[in-house]
Amino acid sequence: MKILVNNEAREVAGPSLADALDELGYGGAVIATAVNGDFAPARSRPALMLREGDRLELLAPMRGG
Amino acid sequence: MEVYGVTLASRLLLGTAQFPSPAILAEAVRRSGAEVVTVSLRRESGTERAGQAFWSLIRDLGVRVLPNTAGCHSAREAITTAQMAREVFETDWIKLEVIGNHDTLQPDVFGLVEAARSLTADGFAVFPYTTEDLVVGERLLDAGCRVLMPWGAPIGSGRGLNNVYGLRAMRAHFPDVPLVIDAGIGLPSQAAQAMELGYDAVLLNTAVARAGEPARMAAAFAQAIAAGREAFLAEPMPPRDMAVPSTPVLGQAFR
């Protein structure tokens, strides 16, 4: 299915968010996720099924003021 | 200073952005004596994984982190970002920023109060980036905030305290609330001024990160903030309009 990952179109098999993260190479990375603007906690990822056109945000620690 | 049940010996909170290198950032944090540093969340790139290395560096510093919601322009964005930050950084602390204007980076105080209410209900310890407006301060306290962080001047401007009168009024109006000057500080003298007014702490970033020698400037700020705090506790004299001789007049020669 086609989804948007950090606003870039990507093709993933899924079907869960956890599967998609592994597929995208983020398994084990310190990241937080949101789907369609809503926070998706790490514990919810295995059961959270992605759908065509979903907007996935992957955020990581960064410098900040 | 005590905030949300945590006692902090240092009254300098330091941002981690814009430093020339990770090593210089680490040295500046050490020289500043800061026990709290602000951090953020950004989109992770597919190949660089800069975020993982940054987080590893911060953890090694052994300081408490205060994640921010910088760049959020609505309460909803800020709330989602705060929830994501809590999971990644494993802290309930959040520096809440809801930006209302692209040019001034002025807080959207309406969205700020809305987000603060929602986040405190969800168990967050909210540090709101606000203005010196007293009514907004009241609303933020009503929303559950236990600290207020008014701007000194626009973020990154280095202009110091733009509205000393307003900030003095804020200190007087909220005598028991921890108040932190957040944003706009450019020089140690400006940080000292904030402390002399009775502010509890200063949060700054650009003034240190953009200095020619960031670690040295961090140390300078630490000294100025400590001096300003001591001056406040020593109760400064009130200003006078007229000269008053400091040397005794009694026994003066040639009179």
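We name chains A, B, ... by the order of the sequence lines, and we start the count at 1 in each one.
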Does atom [atom1] ([X]) have a neighbourhood of more than 12 heavy atoms from anything else shown, all under 6.0 Å?
X: B:Arg11; atom1: CZ; answer: yes
X: A:Glu52; atom1: CD; answer: yes
X: B:Glu90; atom1: CD; answer: no
X: B:Arg159; atom1: CZ; answer: no
X: A:Arg51; atom1: CZ; answer: no

At their closest point, which heavy atom of [X] faces which heavy atom of [Y], and how far apart are they?
X: B:Ala17; Y: A:Gly65; value: CB-N, 4.3 Å
X: A:Asn7; Y: B:Arg43; value: CB-NH1, 3.7 Å
X: A:Pro61; Y: B:Leu41; value: N-CD2, 3.8 Å

Between B:Asn205, B:Asp182, B:Thr81, B:Leu14, the one whose heavy-atom pairs under 4.5 Å with chain A are most numerous
B:Asn205
For the interface with chain A, which of B:Val39, B:Ile58, B:Leu66 has the highest count of heavy-atom pairs at distances below 4.5 Å?
B:Val39
Between CG on residue A:Asp38 and CD1 on residue B:Ile79, distance to nearest 0.5 Å
11.0 Å
Measuring heavy-atom distances to chain B, does A:Ile31 have an atom under 4.5 Å in its side chain, in its backbone, in both, or in neither?
both
Taking side chain as everything from C-beta outward and backbone as N, CA, C, O, which of these in [X] sits under 4.5 Å from a heavy atom of chain A? Side chain, backbone, both or neither.
X: B:Glu87; result: side chain
X: B:Glu97; result: side chain
X: B:Arg76; result: side chain

Beyond-backbone contact of A:Arg63 with B:Phe19, side-chain heavy atoms, under 4.5 angstrom
no
Would you please go through residues 98-132 of chain B and name the residues with a non-hydrogen atom below 4.5 Å from one of chain A, in numerical order?
none
